[in-house]
Amino acid sequence: MNRSPWKLLSSFWGPSVSADWGKSRQFQYITMFALSELWSGGERQGSYKLLKPWWEVFMDYLLVLMLMVSILAGTLLLSRDGVVCVPVHSSFTNYSFPIEPVSDSIFSSTPESPKIPAKGRRTNLDFQQYIYISQVCYHEALPWYSRFLPYVTLLHTLVLLASGCFWFRFPLTSARIEHFLSLLAKCCESPWTTRALSHTAKLDTRFSEVDQVVQPKVQVTSLYKTRKSSLDSGTDSPLLVGTDSVSTTAQPSPCPSTLSHCSTLSALSLTEPVLPVQVIPDTSRPGATLDRSDREQARALFERVRRFRAHCESSDIIYKVYTAQTVFKVLKFILIISYTTPLLGSITFSHVCQPRSHALTGYSVFQCSHSLSSVLRKLMQAYVSLLFLFGLLGIYALFWIFHKSLRQYSFQSVREKGSMLDVPDLHNDLAFLLHMADQYDPLLAQRLSVFLSPVSETRLLEESLERRWGAERLRSMITSDQQGRSLLQLVALPRLPPALFTLSQLEVLKLELIGDAKLTAQISNMTALREMHLYHCTASVEPGALQHLQEHLETLHLTFTQAAEIPVWVYSLRGLQELHLTGRLSNEGGMGRGWALGSLRQLRHLRILVLRGMLQKVPGELSELAGSLLKLEIYNEGTRLLVLTGLRRLTGLAEVQLQGCQLERLPSALLVLTGLRSLDLQHNSLRTLEELLGLQHLRRLSCLRLAHNRVLALPASVGVLRSLELLDLAHNQLQNLPSALFTLHKLRRLLLAGNLLEDLPAEIRALALLSELDLSANRLEHLPKELFESCVELRNLNVANNSLGSLPDGLGGLTQLSRLDVRGNSLEELPVELGCCFGLRGGGLLVENWLLHTLPRQVRDVLQQPSSCPSSEPPSRPNSDCFPSFSAAQWSFHSALESRI
């Protein structure tokens with residue numbers, strides 16, 4: 001008969017026992033599956049092992065043992081637990097049938113007497129009644145802790161197991177921890193870590209070589225230790241092997257070759273005399289320098305570490321969560337010990353049961369025995385022992401947390417070695433994570449310190465700049481400015497490349513958006529440097545470089561956001577002649593001084609000062625420059641300049657330019673500047689020029705620019721400006737010109753574009769020295785012939801965008817004319833006399849193409865050919881190679897002949 005074990009068990013023990021056995025087997029399968037899953041989850045936590053100190057590791061193993069004990073006890077309870085009960089005879093409570101008395105000879109038998117079979121009391125109970133009584137007494141007579149204590153301990157163990165890795169799973173902490181481990185792995189794998197630590201070891205070795213002459217034997221030992229430290233600081237650390245979350249995208253590190261080289265040097269240092277040549281590593285060997293990708297990855301890693309530090313130091317949530325889970329585990333330990341220890345002595349073998357089954361069995365009291373009591377007691381004692389060790393470790397962890405300042409981390413050990421003195425101390429969560437990592441391996445913090453050190457980042461940037469911005473590349477970027485000077489412009493670099501200071505022929509240097517523009521003493525090699533531009537650059541100067549700039553630099557352009565960004569060393573450039581300051585120069589309050597103008601007194605040779613900002617007053621401190629300043633330019637960007645009294649003390653000014661200052665009248669402070677030669681008040685809000693009469697004391701004033709204002713009329717007092725050579729009234733609202741204007745016989749340039757002029761007076765003939773006349777964008781319908789008869793020095797005439805119907809005769813008399821613009825008029829034809837204006841050749845005549853075709857072909861050819869002869873050449877020269885000269889009558893004859901043909 002082939003019967004399954006399940007059926008055999010059912011037929012022998014009955015359905016209830018067989019069901020219990022089936023449940024126990026099922027529990028074993030479920031328990032084994034859950035434990036395996038839990039263990040695999042522990043393997044997935046391998047990336048967090050760097051943050052588990054030794055007590056956490058022991059606690060994890062203790063929890064595994066406690067879990068196994070709980071599962072074993074629970075399995076025994078499910079599979080074999082039960083009680084065996086027998087009735088207790090009592091004359092008061094129990095009823096039994098009459099039984100035969102037992103003879104005393106049974107108890108006092110001698111060896112000579114024959115063996116009599118043992119006899120007990122008959123209970124008259126069948127097998128089913130015994131099973132029933134055992135089941136009832138198991139639930140009624142057996143205490144709860146004998147039945148459920150293993151299950152309770154199992155639940156407690158699972159809770160402790162979950163609380164042990166809670167800070168790895170908590171949403172507010174898990175992301176930071178994973179990011180920290182990722183950065184730590186990349187810091188250990190980065191080739192720059194090996195470079196920086198080997199450089200540190202090299203420096204330590206150089207310092208130790210100083211003591212070699214006194215103590216050569218000690219030097220060998222220290223050298224060995226130094227090389228051993230360099231060997232230990234390699235990137236092929238076995239600590240991060242198997243870290244899945246951080247090593248999947250990491251590139252192979254070239255560190256083994258470096259380590260083998262260092263170890264070889266260490267071995268040589270023990271057997272051979274220590275020589276400086278053998279100690280210093282050869283930087284020319286292959287692999288000593290980083291390629292471009294490694295440098296870029298190291299720079300990106302510096303930025304990531306910087307941002308992660310700022311993020312982690314802003315809170316201490318990881319510290320709080322870890323402290324809370326440690327306190328919870330200690331409290332849980334106290335709770336379990338408090339009720340489990342007293343219950344261990346109550347797990348007994350024998351129990352008295354009084355079920356309410358007298359009607360069924362005829363007995364009221366039963367004596368029951370618990371078969372697993374001794375095993376259960378020993379297992380629970382083992383569990384309590386393990387729990388006690390677990391609690392001691394938890395108390396030690398709690399003591400360690402509150403005894404040490406875990407929210408402060410100092411790299412004092414790194415500083416004591418003299419390797420990286422600039423590594424900053426850390427706070428809050430980042431400090432706590434490094435304290436935890438130190439319990440695993442203190443070298444991890446040393447590797448991370450490489451990317452926390454500003455000096456290390458500076459060395460990386462310098463190496464990157466040296467390779468990317470070499471001398472050859474910088475020379476290829478040199479161009480020429482408008483004055484023909486050699487110019488180099490560098491934009492958006494982290495630092496200045498060292499090769500820059502080797503350009504000895506460079507004259508103009510422009511630096512824009514340089515993060516750390518440090519001018520070292522090597523700038524003394526740039527002997528031709530005369531001009532420098534700093535556009536939003538944080539520039540610092542070494543003492544040696546400052547001395548060179550004080551002697552050679554002549555022009556400096558500074559662009560900034562706030563006046564506080566102006567470097568202090570600027571005010572000590574004694575040889576500076578021209579200074580341009582662009583940025584916000586006033587305080588937020590308005591009237592206050594926004595920058596230390598008083599320090600300009602050291603600029604004894606300053607001739608030109610240009611201010612581009614939003615000033616509300618001319619600072620009185622400019623009077624310190626009264627003896628040297630010749631030109632002052634203020635571009636106020638539309639901000640009203642309220643106070644100009646500061647100009648009164650600058651009596652030596654020769655040029656003043658006030659643009660965009662919202663001036664409505666001519667400032668009275670200008671009247672005391674008797675040496676003024678040029679006055680520029682463009683782009684203001686001037687409506688009247690009545691104060692021109694006050695300018696008669698400015699006998700040297702030769703240039704007056706009043707363009708882009710709202711002037712309605714030019715007063716007759718303009719005639720007092722006898723020395724005026726340039727008058728710019730363009731883009732105003734002038735409708736006529738006074739006669740006094742034409743008494744300025746020294747006037748050479750008259751700019752009247754963009755006004756409302758309808759005619760040009762004939763008095764224009766008085767301006768015999770006029771060389772430039774701009775009448776564009778007006779309402780002129782004709783030009784006076786006196787203009788062409790008397791103003792023979794005219795070189796530039798612009799009458800574009802008017803309403804001219806024709807050009808008057810006599811245009812050919814302007815032999816010096818080199819530019820004529822007649823576009824945008826109502827002309828129907830051009831005069832043939834234009835052929836006599838030899839200066840218009842080569843594009844000097846600006847006119848519509850269709851209107852140009854009204855000229856004879858010979859004239860067009862002459863005007864369109866490039867100018868090869870000097871304009872001052874007399875037109876009557878018979879042997880001219882440029883063009884034969886003809887009179888006006890001859891030109892008219894040729895034109896009529898051509899039209900008739």
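- If you take CZ on Arg407 and CG on Leu430, they are separated by 14.5 Å, rounding to the nearest 0.5 Å.
- Asp425 has its side chain out of reach of Gln408: every pair of non-hydrogen atoms, C-beta onward, lies at least 4.5 Å apart.
- Between His427 and Tyr409 there is no side-chain heavy-atom pair separated by less than 4.5 Å.
- For the residue pair Trp192/Ser456, the side-chain donor-acceptor check at 3.5 Å is satisfied.
- Screening Ser453, Ser410, Pro454 against Val423 for a side chain to side chain contact (heavy atoms under 4.5 Å, CB included) leaves a single residue, Ser453.
- The two atoms that bring Leu376 and Pro150 nearest to each other are CD1-CG, 3.4 Å, heavy atoms only.
- For the pair Leu452 and Leu426, the minimum side-chain heavy-atom distance is below 4.5 Å.
- Residues Tyr151 and Ser70 have side chains that never bring a donor and an acceptor to within less than 3.5 angstrom of each other.
- Heavy atoms only, all atoms of each residue included: Ser182 and Arg304 are closest at OG-NH2, 4.0 Å.
- Residues Leu67 and Ile71 form a side-chain contact, since some pair of their non-hydrogen atoms from C-beta on lies under 4.5 Å apart.
- Across the pair Cys137 and Cys353, the gap between the SG atoms, which is the quantity tested here, stays under 2.5 Å.
- Under a 4.0 Å N-O distance rule, the pair Lys52/Asp60 qualifies as a salt bridge.
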Please walk me through it: do Tyr319 and Leu406 pass side-chain contact (heavy atoms from CB on, under 4.5 Å)?
CA-CA 8 Å; Tyr319 171 80; Leu406 299 182; 3.9 Å; yes
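- Looking only at side-chain heavy atoms (C-beta outward), Val152 and Tyr339 come within less than 4.5 Å of each other.
- Legend: residues meeting salt bridge (charged side-chain N to carboxylate O under 4.0 Å, His left out) with Glu303, ordered by chain and number and at least two apart, are Arg306, Arg307.
- Of the options Trp55, Tyr322, Phe432, a ring-ring contact (aromatic ring centres under 6.0 Å, His included) to Trp400 is made by Trp55 and by none of the others.
- Within 6.0 Å of atom CZ in Phe58, 12 or fewer heavy atoms from other residues, nucleotides or ligands are found, so the atom counts as exposed in its surroundings.
- Remark: Phe170 engages Phe166 in a ring pair (Phe, Tyr, Trp, His ring centres under 6.0 Å) (not counting sequence neighbours).
- In this structure, Trp54 and Leu393 have side chains that are in contact, with non-hydrogen atoms separated by less than 4.5 Å.
- You'll find the side chain of Leu387 stays beyond 4.5 Å of the side chain of Leu62, heavy atoms only.
- Of the charged side-chain nitrogens involved, none lies within less than 4.0 Å of a carboxylate oxygen, so that Glu189 and Arg447 do not count as a salt-bridged pair.
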